[in-house]
Colleague: 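Quick one: structure below, then a few questions.
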Amino acid sequence: MMPISVDPESKPGEYVLKSLFANFTNVSEQKICIIMAEPLEKPLSKSLQRGEDPQFDQLISTMSSLAEYSLPSILRTLFDWYKRQNGLEEELHEYRPRANTKSKNDEQQRDYLLERRDLAIDFIFSLVLIEVLKQMPLYPALDGLVNEVINLAFKHFRYKEGYNGPNTANMHTVADLYAEVLGVLAQSKFPAVKKKFMTELKELRQKEQSPYVVQSTISLIMGVKFFRIKMYPVEEFEASFQFMQECAQIFLEVKDKDIKHALAGLFVEILVPVAAMVKNEVNVPCLRNFVDSLYDTTLDLSSRKKHSLAFYPLVTCLLCVSQKQFFLNRWHVFLNNCLSNLKSRDPKMARVALESLYRLLWVYMIRIKCESNTATQSRLNTIITTLFPKGSRGVVPRDMPLNIFVKIIQFIGQERLDFAMKEIIFDLLCVGKPAKAFNLNPERMTIGLRAFLVIADKLQQKDGEPPMPNTGCTLPSGNTVRVKKTYLSKTLTDEEAKVIGMSQYYFHVRKAIDIILRQLDKDVGRCMMLTNALMLNKEPEEMITGERKPKIDLFRTCVAAIPRIIPDGMSKSELIDLLARLTIHMDDELRLIAQNSLQSLLLDFSDWRDDVLFGFTNFLLREVQDTHQGLLDGSLKLLLQLLTQWRLTQATQGKNHNTSKTHTVEVYLSASHLRSPHSTVLHAVEGLALVLLCSCQVSTRRLSIAILKEIRSLLKSFCLLQEDDKPMIEIMDQLSPVILESFVHVAASDTAVLPAAHPVDLQWLVEWNALLVNSHYDIRSPSHVWIFAQSVKDPWVLCVYSLIRQDNLPKHCPTALSYAWPYVFTRLQMLMPLVDPNNPVYPKKTSTSGGADNYATLWRNYLILCFGVAKPSIMSHGQLRASTPEIIASTPDSGVSSDTKVIGSPSVAWLLKQLVPLMRAESIELTEALVLGFGRTNSLIFRYINTTCLYVTFEQFLNKKRRERRDLLRLQLLRIFELLADAGVVSDSTNGALERDTFALGALFLEYVDLTRTLLEAENDKDAEILKDIRAHFSAMVANFIQCVPVSHRGFLFPQQSLRHHLFILFSQWAGPFSVMFTPLDRYSDRNHQITRYQYCALKAMSAVLCCGPVFDNVGLSPDGYLYKWLDNILACQDQRVHQLGCEVVILLLKLNADQVNLFNWAVDRCYTGSFQLTSGCFKAIATNYPCDIVTLLNLVLFKASDTNREIYEISMQLMQILESRLFLYSKKVAEQKPSSILYGTHGPMPPLYSVSLPQLSSQLSRQYPELTLPLFSEVSQRFPTTHPKGRQIMLTYLLPWLGNIELVDSGLLLPSLAPSTPSYDSSNPLNTGSPHQLKGSGWGSLQATSLVLNNLMFMTAKYGDDLPGPEMENTWNALVSSEKWSNNLRTTLQFLISLCGVSSHTNLLPYIKKVVTYLCRNNTTRTMEELVFELQQTDPVNPMVQHSDSPPFYCFTATGKTSVASGTASSSNTVVAAQDSFPDLDDTKTAKENDERYCMRSHLMRAHNRLESRYSNSSGGSYDEEKSNFFLIQ
């Protein structure tokens, strides 16, 4: 239908009404559509009755509230809607055939549907009328609408003769609804209703008697059955009884039995509420006359069999509303009739007599307050003897609702408590009877116990007198007249029993309940648990029959009484165990009651909380086995519910009470244990949750995580102390991303690996659906990931394995894991028969039974956890409580109750005794599980595993039979030890395989390693797959346990170094391209070779053995040692893992072999000569270990500071920070050696390193440490030939600032008269004010330094200048000669070049000399030209003469005149060191003396460093040979 729009401009009242009614029409239309789609057989009340749809109920209630202000409008609108729906308006009126017309089946079905729709409309219309007409008293002048409602109602009371369609029941329901409408309307418009009823009744009585008339009369009478008499004002009371009197007259006059019965039923419906409201007698003539007119007749008719069912209730009601004397005089006769009919064979008659009895008894005990003691005692004895015959096991009548008997006892107890307890309840509960004479009478005991609870509750709540029993029926609309009664659940203590006067009876009742519960548990408790094999595939209806049914009812009552009544004689643990077992009982109701009782014990009694959780946890471990997955999940849900309700209760208490005081008291009480209250039991439940996380079912894991989250909330609400363990889920969530990262590369999943919105936590890991994928080329995974990917496909198992590593849960949650150990031991033992092939219970794996596979998987998970958390003995008092030696568990099939065994306290020795023989089993799945389980062994019990497994290994070494089985067992043992070594257990200094004092490998494990090596050496030429696996796992094992030992202790591992050497060679043979005998990768045929896992494990083992202390073979580190090529090989590998491994090896070799100079020289040399991979690896190693001298390290830092790789740059800056402190100490040492040195005080702090470029850094260093100029130049000269062109550019770049510290000198230098003079030292010289640390004055140079610098620079230019694409070489020459401090540098350089031209015997050098001169001219054109002109002026022209010669070419030139000028020769020396800022002016003598001192100091410095000189002498004519350009060190 189209949505109804409401004009927003309407008045507020109109808008509200229109909106409400629009909502009503929409909802009604939706409901009608739903009903039309339902089967015809479904009653309308199931869909439309109040209580079925809360939203619709709220809508109707809102209409009722608005009717207070606008009833006429609502009624008119409702009638308009009703008429439109039924097509009663003229424009919509059409004939609708009904089901009684003759039509075909499909048409008949359509008619039924249309009829159902009409009835649904009437149903909805009646519901609304019932609610809105409650406001009719506010609107007295609505006669038109009232008559319309009355006429419509009576129209539906008409009897439809001959109709027998599927809507018959719905028609009766709608008629009853309209009767309810009339009942509401009669409260305010009784005269109109009465008039219509009497008119209709009169018309029917005037008609000739016929079945139709009779049924119509009955239907009419039923239409006013919801009429209720108004007790006030008295006028309306009298008017109502006047109507009753008229009906009574008709009752007396009419002859038809059915009409009499209908009127009798009407009287009962009307009089019962009157009797319930009358607390005292009503002395009103109309009522007295009504009773007098009917009583004798109805009493007489009630004795007749055909009238008794209808008239017994009427006689009862008449007595109930009569006056006291009338009742006492007349009731005994009818009482006897009722008692006699209690034994009637007709159950209906017995039920009617019983209901009459308990109403009469209420009047007698409550309203009239009994008679004399003797008379009352006599009456009560008669009644009780009849209802509860002495010596009988049942009650009279049988099969009646027990609440009637309970009410009877309650009524008696209201006035005669002692009689009710001693004479009735004690007898029913068999109180005082000896145990041998005790008989279980379920019905009687149920009545007695319920009666005691009701009486005690009434007394304790002070409810006063109990109301008269009513029919308690639900009205057709769904409204109920029953008042819901709430009973106390708080324990009735002895003190409270004394207060209410029941102390003398309470003990006997508690004792009786104890006996009853024990007997019931024996009869219908344990034997009907769902874990019992006899109960499998059985429905409760099949099993709860016969004698069991009343026993189950009694069981429900007894359990529901807990904790209201705590059985006397039953301990806490026994009671909790009983309730816990009943939570898996076959009876659904009993299960629910037991759950509620457990929850009440937990929430209402703080001193029971620990016992409840411990008891339920132990029950779950023992009784709910993994073979019953549904029961296990159900029990976990109950445990989660208990924790959740506890948390909610705790939160409520925190709001309502002063939590600070509460916590103070609780912490004080628990101070002796240094723990928060209840933390121990909560950690025990965490241990259980951890065990159940091993489940193969995702549902169980989810529940376990939910339990852990609730425990976290509870622990936080208790204000954790520092001594408390952290909540387990908190640690797990923190570890989850790390664990996922460790194996995500081997996991294949359809979903994204890392969630976008939800962070990776334990919940995400549980939900994640992925598989582990194994690859031979996986070198990234650690050993445990690799082995799990081989044998297990579920990544969750790997997560559990990782969670219980020693640094994870055992470190942060020791208490929870101390409980997890006995828990998982228990579960493991219960599952053992299902996986042990030698056990008779072991299921044979056939095509029809796949359960054994699931059990084996679960058993494997338990095994992993068991060895991860195992303890050598019981470690805490909590474990004694959690798992006592009396843990009893039935066999997993639970088929034979007598086949039980004592699991006992958890024992590692006992576990190994069971498991080690299974290592020889043929099942691969079983042996794989043992490998993973043993491989998870923690360090506390490693010695058990070590001794046991090694014994098996040695046994296999001696066993020559069945080679395949032997090799397989060796492989499995190697995998176990590989996992243990990977976890650091083998190398644990306290409990591992190392000797505690010497840190050497224990003799047993050392012998195992040596024997395995010997075996593999003997079979090294074989290529079987299993041998490949053995080699890989042996390599990984050795590598793992060495890497877990601190570097400082590794040298003690192998007492005999020969074993290290043998292992290294053996592993080298398996390492493929990384063998020490293999060609380097640069010459390897397949440059893209992908390393396999086997080769990587061998390489890793080689590295570990090599770095296990100082090198075992010094030949390997000699200048041409074989290890250098091997290191080059792995460092240059493109695989990042191999390269990283190579870096670690170099780092350790440098650290462990500090005396090996060759090793360090190789590492430094590779930083300049190798590929990027090689140089970065060596540089990282040197940065970790820097035993070299300052100059070498400084040059390396400057060289790497320009690296484009961010990591290398950062390392170089970090190393520079370390070097800065060493430079400062070095300069301080120099100053101490020569306190008067002019260099003292030039050193200052470095600028922020990350904020300067390489040239800036080098410039700053050159100013602060000028004494390092020549050593640095010498180092650069040494590294220059071997580095790559880009490296040469870098060297020349950072060398530039240092060249400014060099003064070139020449002893034979001729100064031109017009040459610029060297600036004398003056503190006010502006050239010296720019930098506070510039060298000032002359005399810093030396002949040797000049020769060294010029020769080396010339060699660099001639040899490598053409390879440099940039201006670096030109900048270098210019930096040397452009110093304004030492202008003679240019002349000295030019004279060196001129001299070099004169002594050269070859012309090959001339282009390079010209190139250098060109460099100089570009930057210093004028000065260079002046110097060249000056040189030309110093030479006279030569006039050659040709003379004859006897030797070829038979002529020669002779000079007639020559002027020779001694050009300054260059000599080799080191540069000077920088001067102080405040160096004073000195006279010539002092200057000469200082020059001598400087020269001595320079000589000292020259001896301290390696220096380079030209290979060519100044006095002989040498030549630069480009093919022979080696530099020689000056010693």
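As the structure is a prediction and not an experimental result, all values here were calculated from the model.
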Colleague: Would you say the ring centers of Tyr862 and Trp859 fall short of 6.0 Å from each other?
Modeller: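 Ring-ring flag for Tyr862/Trp859: false, centres at least 6.0 Å apart.
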Colleague: For the pair Arg1050 (side chain) and Ile1042 (backbone), establish whether a donor and an acceptor sit closer than 3.5 Å, ignoring hydrogens and angles.
Modeller: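 Yes, because the side chain of Arg1050 sits within donor-acceptor range (under 3.5 Å) of the backbone of Ile1042.
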Colleague: Indicate yes or no for a side-chain donor-acceptor contact from Lys1125 to the backbone of Leu1123 under 3.5 Å, with no hydrogens or angles considered.
Modeller: no
Colleague: Please assess Arg975 against Glu928 for the test side chain to side chain contact (heavy atoms under 4.5 Å, CB included), listing each intermediate value before the final yes or no.
Modeller: CA-CA 10 Å; Arg975 295 171 74 199; Glu928 288 287 342; 2.9 Å; yes
Colleague: Ignoring hydrogens and geometry, is there a side-chain-to-backbone donor-acceptor pair from Asn861 to Val797 under 3.5 Å?
Modeller: no
Colleague: With a 4.5 Å cut-off on side-chain heavy atoms, are Ile1065 and Gln1069 touching?
Modeller: yes
Colleague: What are the two closest heavy atoms between Arg1060 and Val1111, and how far apart are they?
Modeller: NH2-CA, 4.4 Å
Colleague: For the residue pair Gln914 and Trp910, establish whether any side-chain heavy-atom pair is separated by less than 4.5 Å.
Modeller: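 In short, these two side chains touch, coming nearer than 4.5 Å.
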Colleague: What heavy-atom pair brings Ser1068 and Val1076 nearest, and what distance separates the two atoms?
Modeller: OG-N, 3.0 Å
Colleague: Evaluate the side-chain proximity of Ile787 to Asp982: yes if any heavy-atom separation is below 4.5 Å, no if none is.
Modeller: no
Colleague: Keeping Thr1184 on the side-chain end and Lys1180 on the backbone end, is there a donor-acceptor pair under 3.5 Å?
Modeller: yes
Colleague: Which pair of heavy atoms, one from Cys1097 and one from Ser1035, lies closest together, and at what distance?
Modeller: O-CB, 3.4 Å
Colleague: Can you check salt bridge (Lys or Arg N to Asp or Glu O under 4.0 Å) on Arg1222 and Asp1189, steps first, answer last?
Modeller: CA-CA 10 Å; Arg1222 294 186 62 183; Asp1189 62 73; over 6 Å; no
Colleague: Taking the ring centre of each residue, are Phe1074 and Tyr1096 less than 6.0 Å apart?
Modeller: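 No, the ring centres sit 6.0 Å or more apart.
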Colleague: Dump the intermediate steps for side chain to side chain contact (heavy atoms under 4.5 Å, CB included) on Phe999 and Val1045, then the final yes or no.
Modeller: CA-CA 9 Å; Phe999 298 104; Val1045 176; over 6 Å; no
Colleague: Is it the case that more than 12 heavy atoms not belonging to Asp1120 sit under 6.0 Å from its CG atom?
Modeller: no
Colleague: Can you tell me how far apart CG (Leu973) and NE2 (His1033) are? Round to the nearest 0.5 Å.
Modeller: 12.0 Å
Colleague: Going by the side-chain contact (heavy atoms from CB on, under 4.5 Å) test, name the single residue among Val1138, Leu1174, Leu1099 that passes it with Cys1133.
Modeller: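 Looking at Val1138, Leu1174, Leu1099, the match for Cys1133 under the side-chain contact (heavy atoms from CB on, under 4.5 Å) is Val1138.
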Colleague: Between CZ of Phe825 and CG of Leu863, what distance do you get to the nearest 0.5 Å?
Modeller: 11.5 Å
Colleague: Hey, does the side chain of Ser1075 reach the backbone of Ala1071 with a donor-acceptor pair shorter than 3.5 angstrom?
Modeller: no
Colleague: Near Lys1151 NZ, under 6.0 Å, is it more than 12 heavy atoms from other residues, nucleotides or ligands?
Modeller: no
Colleague: Can you tell me how far NE2 of His784 sits from CZ of Phe788, rounded to the nearest 0.5 angstrom?
Modeller: 8.0 Å
Colleague: Pair Trp1126, Leu1106 - check side chain to side chain contact (heavy atoms under 4.5 Å, CB included), show working.
Modeller: CA-CA 12 Å; Trp1126 176 70; Leu1106 179 64; 3.4 Å; yes
Colleague: Donor-acceptor pair, Asp836 side chain versus Met832 backbone, under 3.5 Å?
Modeller: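 Checked: no pair found.
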Colleague: Which distance, rounded to the nearest 0.5 Å, do you find between the CD1 of Ile1190 and the CG of Leu1219?
Modeller: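 One gets 6.5 Å once the value is rounded to the nearest 0.5 Å.
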Colleague: Regarding Glu1144 and Lys1100, does a basic nitrogen lie under 4.0 Å from an acidic carboxylate oxygen?
Modeller: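 No salt bridge links Glu1144 with Lys1100.
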Colleague: Measure centre to centre between the rings of Phe977 and Tyr1008, then say whether the value is under 6.0 Å.
Modeller: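 Yes.
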Colleague: Quick one: does Ser679's side chain get under 4.5 Å of Thr815's, heavy atoms only?
Modeller: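 Result no, sub-4.5 Å side-chain heavy-atom pair not found.
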Colleague: Are the side chain of Asn1040 and the backbone N or O of Ala981 linked by a donor-acceptor pair below 3.5 Å?
Modeller: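 Between the backbone of Ala981 and the side chain of Asn1040 there is no qualifying donor-acceptor contact (under 3.5 Å).
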Colleague: Is the closest side-chain heavy-atom distance between Ile1091 and Pro1073 below 4.5 Å?
Modeller: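 No, every pair of side-chain atoms sits at 4.5 Å or beyond.
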Colleague: May I ask you to check whether Glu686 and His683 show a side-chain donor-acceptor distance below 3.5 Å?
Modeller: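 Judged by distance alone, the side chains do pair up.
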Colleague: With a 4.5 Å cut-off on side-chain heavy atoms, are Thr1092 and Lys1028 touching?
Modeller: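 The answer is no; the side chains never approach within 4.5 Å.
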Colleague: Which atom names give the shortest non-hydrogen contact between Leu979 and Gly935, and what distance separates them?
Modeller: CB-O, 3.5 Å
Colleague: Which distance, rounded to the nearest 0.5 Å, do you find between the CD1 of Ile804 and the CG of Leu817?
Modeller: 7.5 Å
Colleague: Indicate the ring-plane relationship of Tyr1124 and Trp1162, choosing parallel, tilted or perpendicular according to the 30° and 60° boundaries.
Modeller: parallel
Colleague: Are the side chains of Leu1001 and Leu994 in touch, meaning some heavy atoms are under 4.5 Å apart?
Modeller: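 They are in contact (side-chain heavy atoms under 4.5 Å apart), so the answer is yes.
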Colleague: Output yes when a side-chain donor or acceptor of Thr937 lies under 3.5 Å from a complementary backbone atom of Phe867, and no otherwise.
Modeller: no
Colleague: So, Asp1113 versus Gln1057: side-chain donor-acceptor pair below 3.5 Å or not?
Modeller: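 No, because no side-chain N or O of Asp1113 sits under 3.5 Å from a partner of the opposite role on Gln1057.
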Colleague: Give the minimum heavy-atom separation between Gly687 and Ala820, together with the two atoms involved.
Modeller: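 In this case the closest contact between Gly687 and Ala820 is O-CB, 3.8 Å.
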Colleague: For a ring-ring contact (aromatic ring centres under 6.0 Å, His included) check, start with the C-alpha distance between Phe1054 and Phe1112, then their side-chain angles and the critical distance, and finish with the verdict.
Modeller: CA-CA 11 Å; Phe1054 296 96; Phe1112 46 76; 10.0 Å; no
Colleague: Please determine whether side chain to side chain contact (heavy atoms under 4.5 Å, CB included) holds for the pair Asp1010 and His1062, giving the CA-CA distance in whole Å, both sets of side-chain angles, and the decisive distance to 0.1 Å.
Modeller: CA-CA 10 Å; Asp1010 199 20; His1062 289 312; over 6 Å; no
Colleague: Got more than 12 heavy atoms from elsewhere within 6.0 Å of CD, Glu1017?
Modeller: yes
Colleague: Would you say the side chain of Cys1167 lies within less than 4.5 Å of the side chain of Ile1182, judging by non-hydrogen atoms?
Modeller: yes
Colleague: Indicate the atoms forming the closest heavy-atom contact of Leu980 with Phe934, along with that distance.
Modeller: CD2-O, 3.5 Å
Colleague: Treating Arg1093 as the side-chain partner and Ser781 as the backbone partner, does any N or O pair qualify as donor plus acceptor under 3.5 Å?
Modeller: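 Here the side-chain-to-backbone pair exists.
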Colleague: Using only atom types and a distance under 3.5 Å, with no angle test, would you say the side chain of Glu730 pairs donor to acceptor with the backbone of Pro727?
Modeller: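 Absent.
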Colleague: Considering the options Arg1166, His1139, Glu1207, which one meets the side-chain contact (heavy atoms from CB on, under 4.5 Å) requirement together with Ser1176?
Modeller: His1139
Colleague: Quiz question: by atom type and distance under 3.5 Å, do the side chains of Gln1140 and Arg1137 form a donor-acceptor pair?
Modeller: no
Colleague: Got a second to check how far Phe1052's CZ is from Thr998's OG1, nearest 0.5 Å?
Modeller: 9.0 Å
